[in-house]
Asker: 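The structure is given below, and queries will be raised subsequently.
Start at 1 and go down the list; that is how both ligands and their atoms are numbered.
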Amino acid sequence: MKTRFTRREIVKQSLALTGLGVMGLPEWQIPALAQNEELVPFTDVPDDFGRQAPGSTIRLLDIRDIDGPYTDKDDFYTVQHFDQPLIDSDSFRLDITGLVDQPQRLSLSELRGMGEIEIDAGYECSGNSPRVIQGLASNGRWTGVALQALFDRIGVKSEAREAVFFGSDSGEETVDFRGRPYEIEQPFARSLPMTDDAFASGPLLAYALNGEPLTRGQGAPLRLIVPGWYGVTNVKWLSQIHLQENRFLGKWQARWYRTLWAEERGGETIWHETEVSRQRIKSVIARVTRVSNEHEVFGFVLHDGTSLQSVEVSIDNGPWQQATLDRSTSNPFSWKLFRFRWTGASQGEHTIVSRATDVKGNVQPTADELAIKQTGLEDHAQFPRTVLIG
Ligand SMILES: Nc1nc2c(c(=O)[nH]1)N[C@H]1C(S)=C(S)[C@@H](COP(=O)(O)O)O[C@H]1N2
Ligand SMILES: [Mo]
(Lines give C-alpha, C1' and ligand atoms only; values in the text may rest on other atoms or scores of the structure.)
(Ligands and ions follow the chains in the order given, each with its own letter.)
Protein backbone atom coordinates (compact mmCIF):
# COMPACT_ATOMS: atom_id res chain seq x y z
CA MET A 1 0.00 0.00 0.00
CA LYS A 2 1.08 3.52 -0.63
CA THR A 3 1.79 5.81 2.30
CA ARG A 4 -1.23 7.69 3.52
CA PHE A 5 -1.50 11.41 3.68
CA THR A 6 -0.67 12.93 7.03
CA ARG A 7 -2.91 15.73 8.19
CA ARG A 8 -0.29 18.31 7.19
CA GLU A 9 -0.22 17.00 3.66
CA ILE A 10 -3.99 17.19 3.52
CA VAL A 11 -3.84 20.84 4.51
CA LYS A 12 -1.20 21.47 1.86
CA GLN A 13 -3.35 19.72 -0.69
CA SER A 14 -6.39 21.80 0.02
CA LEU A 15 -4.32 24.98 -0.14
CA ALA A 16 -3.00 23.90 -3.51
CA LEU A 17 -6.58 23.38 -4.61
CA THR A 18 -7.62 26.80 -3.37
CA GLY A 19 -4.88 28.14 -5.63
CA LEU A 20 -6.78 26.58 -8.52
CA GLY A 21 -9.83 28.64 -7.63
CA VAL A 22 -10.28 29.70 -11.25
CA MET A 23 -11.25 26.13 -12.01
CA GLY A 24 -13.91 26.34 -9.36
CA LEU A 25 -12.99 23.02 -7.82
CA PRO A 26 -15.44 22.22 -5.06
CA GLU A 27 -14.27 21.75 -1.51
CA TRP A 28 -13.10 18.28 -0.71
CA GLN A 29 -15.65 16.82 1.60
CA ILE A 30 -13.82 13.53 1.91
CA PRO A 31 -10.20 14.05 2.80
CA ALA A 32 -7.69 11.28 3.23
CA LEU A 33 -7.54 9.63 6.62
CA ALA A 34 -8.03 12.10 9.44
CA GLN A 35 -6.02 11.97 12.62
CA ASN A 36 -6.59 8.78 14.60
CA GLU A 37 -8.46 7.33 11.65
CA GLU A 38 -7.37 3.79 10.89
CA LEU A 39 -7.93 1.63 7.89
CA VAL A 40 -9.80 -1.59 8.67
CA PRO A 41 -8.21 -4.31 6.54
CA PHE A 42 -10.18 -6.02 3.81
CA THR A 43 -9.63 -9.75 3.78
CA ASP A 44 -10.48 -10.01 0.09
CA VAL A 45 -7.48 -8.08 -1.28
CA PRO A 46 -4.51 -10.20 -2.41
CA ASP A 47 -1.19 -9.14 -0.85
CA ASP A 48 0.31 -8.25 -4.20
CA PHE A 49 -2.71 -6.26 -5.35
CA GLY A 50 -1.90 -3.29 -7.56
CA ARG A 51 1.74 -4.25 -8.01
CA GLN A 52 2.48 -3.32 -11.60
CA ALA A 53 4.27 -5.87 -13.75
CA PRO A 54 7.67 -4.39 -14.67
CA GLY A 55 7.47 -2.44 -17.91
CA SER A 56 3.68 -2.56 -17.97
CA THR A 57 1.80 0.58 -18.91
CA ILE A 58 -1.46 -0.76 -17.50
CA ARG A 59 -2.19 0.81 -14.10
CA LEU A 60 -4.79 -0.03 -11.50
CA LEU A 61 -6.14 2.46 -8.99
CA ASP A 62 -5.90 1.14 -5.45
CA ILE A 63 -9.38 2.21 -4.46
CA ARG A 64 -8.51 2.11 -0.74
CA ASP A 65 -6.44 5.25 -1.42
CA ILE A 66 -9.16 7.45 -2.94
CA ASP A 67 -8.66 10.77 -1.16
CA GLY A 68 -10.90 13.23 -2.97
CA PRO A 69 -13.25 13.65 -5.90
CA TYR A 70 -10.55 13.78 -8.57
CA THR A 71 -8.04 11.02 -9.23
CA ASP A 72 -4.49 12.36 -9.46
CA LYS A 73 -2.93 11.99 -12.92
CA ASP A 74 -0.24 9.74 -11.43
CA ASP A 75 -2.86 7.40 -9.94
CA PHE A 76 -5.47 7.53 -12.73
CA TYR A 77 -6.10 4.02 -14.02
CA THR A 78 -4.52 3.42 -17.41
CA VAL A 79 -5.45 0.93 -20.14
CA GLN A 80 -4.63 0.62 -23.82
CA HIS A 81 -4.26 -2.19 -26.32
CA PHE A 82 -0.99 -1.18 -28.02
CA ASP A 83 1.99 1.00 -27.09
CA GLN A 84 1.57 4.53 -25.78
CA PRO A 85 2.53 6.84 -28.67
CA LEU A 86 4.62 9.91 -27.89
CA ILE A 87 3.23 12.89 -29.79
CA ASP A 88 4.76 16.34 -30.00
CA SER A 89 2.00 18.78 -29.08
CA ASP A 90 3.45 21.71 -31.10
CA SER A 91 3.46 19.87 -34.39
CA PHE A 92 0.28 17.94 -33.58
CA ARG A 93 -2.61 18.30 -36.01
CA LEU A 94 -6.09 16.80 -35.81
CA ASP A 95 -7.40 15.69 -39.20
CA ILE A 96 -11.10 16.00 -39.83
CA THR A 97 -12.18 14.22 -42.98
CA GLY A 98 -15.19 12.76 -44.77
CA LEU A 99 -18.60 14.43 -44.82
CA VAL A 100 -17.53 17.93 -43.78
CA ASP A 101 -17.75 21.21 -45.70
CA GLN A 102 -13.92 21.34 -45.90
CA PRO A 103 -11.41 18.78 -44.61
CA GLN A 104 -9.50 20.33 -41.71
CA ARG A 105 -6.05 20.03 -40.12
CA LEU A 106 -6.32 21.74 -36.76
CA SER A 107 -3.58 22.60 -34.31
CA LEU A 108 -4.15 22.52 -30.56
CA SER A 109 -4.31 26.31 -30.41
CA GLU A 110 -6.91 26.42 -33.18
CA LEU A 111 -8.98 23.91 -31.23
CA ARG A 112 -8.58 25.90 -28.04
CA GLY A 113 -9.74 28.97 -29.93
CA MET A 114 -13.13 27.33 -30.42
CA GLY A 115 -14.00 27.80 -26.77
CA GLU A 116 -13.10 25.86 -23.69
CA ILE A 117 -15.38 23.74 -21.56
CA GLU A 118 -14.82 21.74 -18.39
CA ILE A 119 -16.68 18.68 -17.28
CA ASP A 120 -16.34 16.16 -14.49
CA ALA A 121 -16.42 12.61 -15.80
CA GLY A 122 -15.71 9.36 -14.03
CA TYR A 123 -15.42 6.14 -15.95
CA GLU A 124 -14.27 2.58 -15.81
CA CYS A 125 -12.91 0.08 -18.25
CA SER A 126 -15.75 -2.24 -19.24
CA GLY A 127 -13.44 -5.06 -18.11
CA ASN A 128 -13.35 -3.69 -14.56
CA SER A 129 -14.39 -6.33 -12.04
CA PRO A 130 -13.87 -7.85 -8.59
CA ARG A 131 -10.82 -9.68 -9.98
CA VAL A 132 -8.92 -6.37 -10.04
CA ILE A 133 -10.72 -5.02 -6.95
CA GLN A 134 -12.50 -2.60 -9.30
CA GLY A 135 -9.19 -0.79 -9.86
CA LEU A 136 -9.88 0.08 -13.52
CA ALA A 137 -11.88 3.18 -12.60
CA SER A 138 -11.12 6.85 -11.93
CA ASN A 139 -12.65 10.31 -11.96
CA GLY A 140 -11.35 13.53 -13.45
CA ARG A 141 -12.14 17.09 -14.41
CA TRP A 142 -11.57 17.39 -18.13
CA THR A 143 -10.88 20.55 -20.11
CA GLY A 144 -11.29 20.77 -23.86
CA VAL A 145 -13.47 21.77 -26.76
CA ALA A 146 -17.05 20.52 -27.05
CA LEU A 147 -17.44 18.16 -29.98
CA GLN A 148 -20.69 19.89 -30.90
CA ALA A 149 -18.94 23.29 -30.99
CA LEU A 150 -16.24 21.88 -33.25
CA PHE A 151 -18.75 20.28 -35.61
CA ASP A 152 -20.86 23.45 -35.75
CA ARG A 153 -17.76 25.46 -36.53
CA ILE A 154 -16.42 23.31 -39.36
CA GLY A 155 -19.79 22.38 -40.87
CA VAL A 156 -20.81 18.73 -40.99
CA LYS A 157 -22.88 17.52 -43.95
CA SER A 158 -26.37 16.34 -43.17
CA GLU A 159 -25.68 12.83 -44.59
CA ALA A 160 -23.09 12.18 -41.86
CA ARG A 161 -24.48 9.54 -39.55
CA GLU A 162 -21.38 8.42 -37.75
CA ALA A 163 -18.24 10.10 -36.40
CA VAL A 164 -15.24 7.78 -36.25
CA PHE A 165 -12.40 8.65 -33.88
CA PHE A 166 -8.95 7.29 -34.70
CA GLY A 167 -6.03 7.03 -32.29
CA SER A 168 -2.40 7.25 -33.46
CA ASP A 169 -1.77 3.77 -32.09
CA SER A 170 -2.26 0.73 -34.26
CA GLY A 171 -1.61 -2.99 -34.43
CA GLU A 172 -1.92 -6.11 -36.52
CA GLU A 173 -5.37 -7.65 -36.46
CA THR A 174 -6.72 -10.86 -37.77
CA VAL A 175 -10.13 -10.23 -39.27
CA ASP A 176 -12.31 -13.25 -39.83
CA PHE A 177 -14.45 -13.38 -42.92
CA ARG A 178 -16.51 -16.56 -43.08
CA GLY A 179 -13.85 -18.59 -41.39
CA ARG A 180 -11.01 -17.08 -43.39
CA PRO A 181 -8.40 -14.96 -41.58
CA TYR A 182 -7.18 -11.66 -43.06
CA GLU A 183 -4.15 -9.94 -41.51
CA ILE A 184 -4.50 -6.17 -41.51
CA GLU A 185 -2.96 -3.16 -39.76
CA GLN A 186 -5.66 -1.22 -37.88
CA PRO A 187 -5.50 1.89 -35.71
CA PHE A 188 -7.46 1.94 -32.48
CA ALA A 189 -10.82 3.49 -33.38
CA ARG A 190 -14.31 3.94 -31.99
CA SER A 191 -17.36 5.64 -33.40
CA LEU A 192 -20.30 7.65 -32.13
CA PRO A 193 -23.63 7.92 -33.94
CA MET A 194 -24.47 11.51 -34.92
CA THR A 195 -27.65 11.49 -32.85
CA ASP A 196 -28.79 13.96 -30.23
CA ASP A 197 -28.75 11.08 -27.82
CA ALA A 198 -25.04 10.35 -28.22
CA PHE A 199 -24.23 14.06 -27.94
CA ALA A 200 -26.50 14.71 -24.96
CA SER A 201 -23.80 14.11 -22.36
CA GLY A 202 -21.57 16.74 -23.97
CA PRO A 203 -18.64 14.77 -25.42
CA LEU A 204 -15.45 16.77 -25.66
CA LEU A 205 -11.97 16.65 -27.11
CA ALA A 206 -9.92 16.99 -23.94
CA TYR A 207 -6.39 18.32 -23.59
CA ALA A 208 -6.24 18.67 -19.81
CA LEU A 209 -7.06 16.59 -16.74
CA ASN A 210 -7.53 18.27 -13.35
CA GLY A 211 -6.13 21.51 -14.77
CA GLU A 212 -2.92 20.00 -16.16
CA PRO A 213 -2.04 18.95 -19.72
CA LEU A 214 -2.76 15.28 -20.39
CA THR A 215 0.14 12.94 -19.71
CA ARG A 216 1.37 10.56 -22.35
CA GLY A 217 -0.47 7.66 -20.70
CA GLN A 218 -3.75 9.58 -20.70
CA GLY A 219 -3.58 10.19 -24.44
CA ALA A 220 -1.64 13.46 -24.85
CA PRO A 221 -2.07 15.81 -26.46
CA LEU A 222 -5.76 15.22 -27.27
CA ARG A 223 -8.38 12.59 -26.49
CA LEU A 224 -12.09 12.04 -26.72
CA ILE A 225 -14.15 11.97 -23.51
CA VAL A 226 -17.78 10.86 -23.70
CA PRO A 227 -19.20 11.47 -20.21
CA GLY A 228 -21.21 8.56 -18.87
CA TRP A 229 -19.82 5.99 -21.33
CA TYR A 230 -17.40 3.15 -20.67
CA GLY A 231 -13.66 3.88 -20.93
CA VAL A 232 -13.22 2.26 -24.32
CA THR A 233 -15.14 5.13 -25.91
CA ASN A 234 -12.58 7.68 -24.76
CA VAL A 235 -10.11 7.38 -27.64
CA LYS A 236 -6.64 8.52 -26.57
CA TRP A 237 -3.90 10.03 -28.82
CA LEU A 238 -6.67 11.21 -31.15
CA SER A 239 -5.34 11.82 -34.67
CA GLN A 240 -8.36 11.89 -36.95
CA ILE A 241 -12.12 12.25 -36.93
CA HIS A 242 -13.87 10.86 -39.99
CA LEU A 243 -17.52 11.60 -40.72
CA GLN A 244 -19.35 8.99 -42.72
CA GLU A 245 -22.75 7.69 -43.67
CA ASN A 246 -22.13 3.99 -42.97
CA ARG A 247 -21.84 2.27 -39.62
CA PHE A 248 -18.24 1.83 -38.56
CA LEU A 249 -17.35 -1.85 -38.07
CA GLY A 250 -13.76 -1.73 -36.79
CA LYS A 251 -12.55 -4.28 -34.26
CA TRP A 252 -12.83 -2.17 -31.10
CA GLN A 253 -16.27 -0.94 -32.06
CA ALA A 254 -18.00 -3.96 -33.56
CA ARG A 255 -16.15 -7.04 -32.38
CA TRP A 256 -13.97 -6.76 -29.29
CA TYR A 257 -16.26 -4.72 -27.01
CA ARG A 258 -19.51 -6.63 -27.05
CA THR A 259 -21.68 -8.38 -24.52
CA LEU A 260 -23.70 -11.55 -24.94
CA TRP A 261 -26.88 -11.82 -22.91
CA ALA A 262 -29.26 -14.74 -22.56
CA GLU A 263 -32.80 -13.87 -21.62
CA GLU A 264 -35.48 -16.38 -20.70
CA ARG A 265 -38.77 -15.35 -22.26
CA GLY A 266 -41.78 -17.65 -22.05
CA GLY A 267 -39.62 -20.74 -21.63
CA GLU A 268 -37.40 -19.75 -24.56
CA THR A 269 -33.84 -18.49 -24.47
CA ILE A 270 -33.40 -15.25 -26.41
CA TRP A 271 -29.83 -14.17 -27.15
CA HIS A 272 -28.75 -10.56 -27.33
CA GLU A 273 -25.43 -9.32 -28.62
CA THR A 274 -24.92 -5.67 -27.74
CA GLU A 275 -22.11 -3.11 -27.98
CA VAL A 276 -20.40 -1.58 -24.96
CA SER A 277 -21.55 2.03 -24.67
CA ARG A 278 -23.17 3.70 -21.62
CA GLN A 279 -22.02 2.72 -18.16
CA ARG A 280 -24.30 0.46 -16.22
CA ILE A 281 -24.93 1.61 -12.70
CA LYS A 282 -22.35 0.28 -10.24
CA SER A 283 -21.37 1.01 -6.66
CA VAL A 284 -18.26 -0.27 -4.94
CA ILE A 285 -17.14 -0.21 -1.32
CA ALA A 286 -13.60 1.15 -1.44
CA ARG A 287 -12.58 1.19 2.22
CA VAL A 288 -13.68 0.91 5.82
CA THR A 289 -12.12 3.09 8.49
CA ARG A 290 -12.32 3.39 12.24
CA VAL A 291 -11.98 6.32 14.63
CA SER A 292 -11.98 4.85 18.13
CA ASN A 293 -15.18 2.77 18.05
CA GLU A 294 -16.89 4.39 15.09
CA HIS A 295 -16.67 2.74 11.68
CA GLU A 296 -17.24 4.33 8.32
CA VAL A 297 -17.83 2.62 5.00
CA PHE A 298 -16.71 4.64 1.99
CA GLY A 299 -17.13 4.00 -1.71
CA PHE A 300 -18.03 5.27 -5.15
CA VAL A 301 -20.74 4.96 -7.77
CA LEU A 302 -20.22 5.00 -11.53
CA HIS A 303 -23.18 5.49 -13.83
CA ASP A 304 -24.39 6.99 -17.11
CA GLY A 305 -25.34 10.37 -15.65
CA THR A 306 -28.95 9.53 -14.78
CA SER A 307 -29.67 11.03 -11.34
CA LEU A 308 -29.25 8.61 -8.48
CA GLN A 309 -32.15 7.58 -6.33
CA SER A 310 -30.15 5.93 -3.56
CA VAL A 311 -26.99 4.20 -2.48
CA GLU A 312 -27.48 1.62 0.22
CA VAL A 313 -25.25 -0.59 2.33
CA SER A 314 -26.02 -3.96 3.86
CA ILE A 315 -23.94 -5.59 6.58
CA ASP A 316 -23.90 -9.39 6.95
CA ASN A 317 -26.98 -9.76 4.75
CA GLY A 318 -28.92 -7.38 7.01
CA PRO A 319 -31.40 -4.75 5.81
CA TRP A 320 -30.38 -2.13 3.23
CA GLN A 321 -29.50 1.17 4.91
CA GLN A 322 -29.08 4.56 3.23
CA ALA A 323 -25.57 5.84 2.60
CA THR A 324 -24.86 9.56 2.20
CA LEU A 325 -23.70 10.98 -1.12
CA ASP A 326 -20.81 13.41 -0.92
CA ARG A 327 -21.55 16.94 -2.10
CA SER A 328 -18.19 17.30 -3.84
CA THR A 329 -19.19 14.81 -6.53
CA SER A 330 -22.70 15.94 -7.39
CA ASN A 331 -21.97 16.82 -11.03
CA PRO A 332 -24.00 14.52 -13.29
CA PHE A 333 -21.16 12.54 -14.87
CA SER A 334 -18.74 12.57 -11.95
CA TRP A 335 -18.34 9.39 -9.99
CA LYS A 336 -20.31 9.75 -6.77
CA LEU A 337 -18.52 9.25 -3.48
CA PHE A 338 -20.60 7.95 -0.62
CA ARG A 339 -20.19 7.07 3.03
CA PHE A 340 -22.09 5.16 5.59
CA ARG A 341 -21.73 5.23 9.36
CA TRP A 342 -21.53 1.66 10.59
CA THR A 343 -22.59 1.51 14.20
CA GLY A 344 -22.14 -1.43 16.54
CA ALA A 345 -19.59 -3.30 14.45
CA SER A 346 -18.56 -6.37 16.42
CA GLN A 347 -15.21 -8.13 16.40
CA GLY A 348 -14.59 -10.66 13.65
CA GLU A 349 -15.10 -10.94 9.93
CA HIS A 350 -18.04 -9.18 8.28
CA THR A 351 -19.45 -9.05 4.77
CA ILE A 352 -20.50 -5.65 3.53
CA VAL A 353 -22.04 -4.76 0.21
CA SER A 354 -23.47 -1.67 -1.48
CA ARG A 355 -26.20 -1.16 -4.06
CA ALA A 356 -26.99 1.89 -6.20
CA THR A 357 -30.34 2.74 -7.82
CA ASP A 358 -31.14 5.56 -10.26
CA VAL A 359 -34.35 7.55 -10.74
CA LYS A 360 -35.23 5.54 -13.85
CA GLY A 361 -35.40 2.45 -11.65
CA ASN A 362 -32.12 0.84 -12.73
CA VAL A 363 -30.94 -1.15 -9.73
CA GLN A 364 -27.44 -2.54 -9.42
CA PRO A 365 -27.99 -6.31 -9.71
CA THR A 366 -26.52 -9.09 -7.59
CA ALA A 367 -24.01 -11.40 -9.27
CA ASP A 368 -26.76 -14.04 -9.47
CA GLU A 369 -29.15 -11.65 -11.17
CA LEU A 370 -26.41 -10.72 -13.64
CA ALA A 371 -25.71 -14.35 -14.53
CA ILE A 372 -27.80 -13.87 -17.69
CA LYS A 373 -24.82 -11.94 -18.98
CA GLN A 374 -22.58 -14.59 -20.54
CA THR A 375 -19.44 -12.60 -21.31
CA GLY A 376 -17.09 -10.77 -18.97
CA LEU A 377 -17.45 -7.10 -19.89
CA GLU A 378 -19.86 -4.67 -18.16
CA ASP A 379 -19.71 -6.51 -14.85
CA HIS A 380 -21.64 -4.06 -12.70
CA ALA A 381 -22.82 -6.60 -10.14
CA GLN A 382 -22.89 -5.83 -6.44
CA PHE A 383 -19.47 -6.53 -4.97
CA PRO A 384 -19.57 -7.96 -1.44
CA ARG A 385 -16.39 -7.21 0.50
CA THR A 386 -15.08 -8.83 3.65
CA VAL A 387 -13.45 -6.91 6.49
CA LEU A 388 -11.89 -7.99 9.72
CA ILE A 389 -12.81 -5.93 12.78
CA GLY A 390 -10.01 -6.36 15.32
N1 LIG B 1 -5.98 5.26 -28.74
C2 LIG B 1 -6.49 4.43 -27.81
N3 LIG B 1 -7.45 4.89 -26.99
C4 LIG B 1 -7.96 4.09 -26.04
C5 LIG B 1 -7.54 2.75 -25.88
C6 LIG B 1 -6.53 2.28 -26.77
O7 LIG B 1 -6.10 1.12 -26.73
N8 LIG B 1 -6.02 3.16 -27.71
N9 LIG B 1 -8.10 1.95 -24.91
C10 LIG B 1 -9.43 2.34 -24.43
C11 LIG B 1 -9.83 1.63 -23.22
S12 LIG B 1 -10.22 0.00 -23.40
C13 LIG B 1 -9.97 2.25 -22.01
S14 LIG B 1 -10.63 1.45 -20.69
C15 LIG B 1 -9.60 3.68 -21.84
C16 LIG B 1 -8.70 3.90 -20.65
O17 LIG B 1 -8.47 5.26 -20.50
P18 LIG B 1 -7.41 5.77 -19.42
O19 LIG B 1 -6.14 5.01 -19.67
O20 LIG B 1 -7.28 7.22 -19.56
O21 LIG B 1 -7.97 5.42 -18.08
O22 LIG B 1 -8.94 4.18 -22.98
C23 LIG B 1 -9.56 3.85 -24.20
N24 LIG B 1 -8.93 4.60 -25.23
MO1 LIG C 1 -11.22 -0.71 -21.44
Side-chain angles (χ1 to χ4, degrees), residues 52 56-63 66 70-87 92 94-95 119-129 131-132 134-144 164-173 185-192 203-210 212-242 248 250-259 275-280 282 300 302 333 335 375-380:
Q52 227 172 321
S56 170
T57 50
I58 307 266
R59 183 169 63 202
L60 297 173
L61 173 70
D62 189 331
I63 60 175
I66 295 171
Y70 303 105
T71 313
D72 191 271
K73 65 179 183 350
D74 299 319
D75 297 325
F76 211 95
Y77 97 87
T78 312
V79 163
Q80 58 280 311
H81 293 279
F82 310 116
D83 292 338
Q84 298 182 334
L86 182 59
I87 300 167
F92 168 80
L94 174 68
D95 282 314
I119 197 164
D120 288 357
Y123 60 88
E124 64 174 347
C125 177
S126 51
N128 200 23
S129 72
R131 196 169 47 84
V132 290
Q134 310 290 356
L136 293 173
S138 290
N139 189 61
R141 173 161 285 193
W142 305 92
T143 313
V164 191
F165 299 85
F166 292 92
S168 320
D169 50 337
S170 65
E172 283 280 315
E173 307 298 351
E185 173 92 8
Q186 248 193 356
F188 183 86
R190 287 277 305 186
S191 71
L192 275 183
L204 75 161
L205 305 183
Y207 39 77
L209 167 63
N210 304 336
E212 290 180 74
L214 294 183
T215 63
R216 179 177 176 180
Q218 287 148 3
L222 192 71
R223 75 179 301 174
L224 175 65
I225 293 287
V226 184
W229 289 47
Y230 278 109
V232 65
T233 324
N234 300 329
V235 178
K236 305 198 272 189
W237 310 290
L238 190 66
S239 64
Q240 184 186 356
I241 304 176
H242 186 76
F248 173 68
K251 167 172 177 167
W252 311 104
Q253 182 66 34
R255 298 193 290 283
W256 204 258
Y257 282 91
R258 286 170 303 140
T259 296
E275 63 184 6
V276 169
S277 59
R278 288 171 181 79
Q279 296 188 119
R280 299 183 189 272
K282 173 193 267 188
F300 63 88
L302 285 165
F333 299 102
W335 69 8
T375 47
L377 301 181
E378 305 182 76
D379 180 352
H380 66 122

Asker: May I ask you to decide if Gly140's main-chain N or O and Trp335's side chain share a donor-acceptor pair within less than 3.5 Å?
Answerer: no
Asker: Between ligand 1 and the protein, give all atom pairs where both partners are nitrogen or oxygen and the distance is under 3.5 Å, as lines of names plus distance to 0.1 Å.
Answerer:
{"unit_1": "ligand 1", "atom_1": "1 (N)", "unit_2": "Asp169", "atom_2": "OD1", "d": "2.8"}
{"unit_1": "ligand 1", "atom_1": "1 (N)", "unit_2": "Asp169", "atom_2": "OD2", "d": "3.2"}
{"unit_1": "ligand 1", "atom_1": "1 (N)", "unit_2": "Lys236", "atom_2": "O", "d": "2.9"}
{"unit_1": "ligand 1", "atom_1": "3 (N)", "unit_2": "Lys236", "atom_2": "N", "d": "2.9"}
{"unit_1": "ligand 1", "atom_1": "7 (O)", "unit_2": "His81", "atom_2": "N", "d": "2.8"}
{"unit_1": "ligand 1", "atom_1": "8 (N)", "unit_2": "Asp169", "atom_2": "OD2", "d": "2.7"}
{"unit_1": "ligand 1", "atom_1": "17 (O)", "unit_2": "Arg223", "atom_2": "NH2", "d": "3.3"}
{"unit_1": "ligand 1", "atom_1": "19 (O)", "unit_2": "Val79", "atom_2": "N", "d": "3.0"}
{"unit_1": "ligand 1", "atom_1": "19 (O)", "unit_2": "Lys236", "atom_2": "NZ", "d": "2.6"}
{"unit_1": "ligand 1", "atom_1": "20 (O)", "unit_2": "Tyr123", "atom_2": "OH", "d": "3.0"}
{"unit_1": "ligand 1", "atom_1": "20 (O)", "unit_2": "Arg223", "atom_2": "NH1", "d": "2.7"}
{"unit_1": "ligand 1", "atom_1": "20 (O)", "unit_2": "Arg223", "atom_2": "NH2", "d": "3.2"}
{"unit_1": "ligand 1", "atom_1": "21 (O)", "unit_2": "Tyr77", "atom_2": "O", "d": "2.7"}
{"unit_1": "ligand 1", "atom_1": "24 (N)", "unit_2": "Asn234", "atom_2": "O", "d": "3.1"}

Asker: According to the interplanar angle, ranging from 0 to 90°, do the rings of Trp252 and Phe82 count as parallel (below 30°), tilted (30 to 60°) or perpendicular (above 60°)?
Answerer: perpendicular
Asker: Look at the side chain of Arg280 and the backbone N and O of Glu378, then say whether any donor-acceptor pair between them is shorter than 3.5 Å.
Answerer: no
Asker: Around Arg131, counting heavy atoms of other residues, nucleotides and ligands shown, do more than 12 lie under 6.0 Å from its CZ?
Answerer: no
Asker: Considering all heavy atoms of both residues, which atom of Arg190 and which atom of Val232 are nearest to each other, and what is their separation?
Answerer: CG-O, 3.4 Å
Asker: If I take atom NZ from residue Lys236 and atom CG from residue Leu224, how far apart are they, to the nearest 0.5 angstrom?
Answerer: 12.5 Å
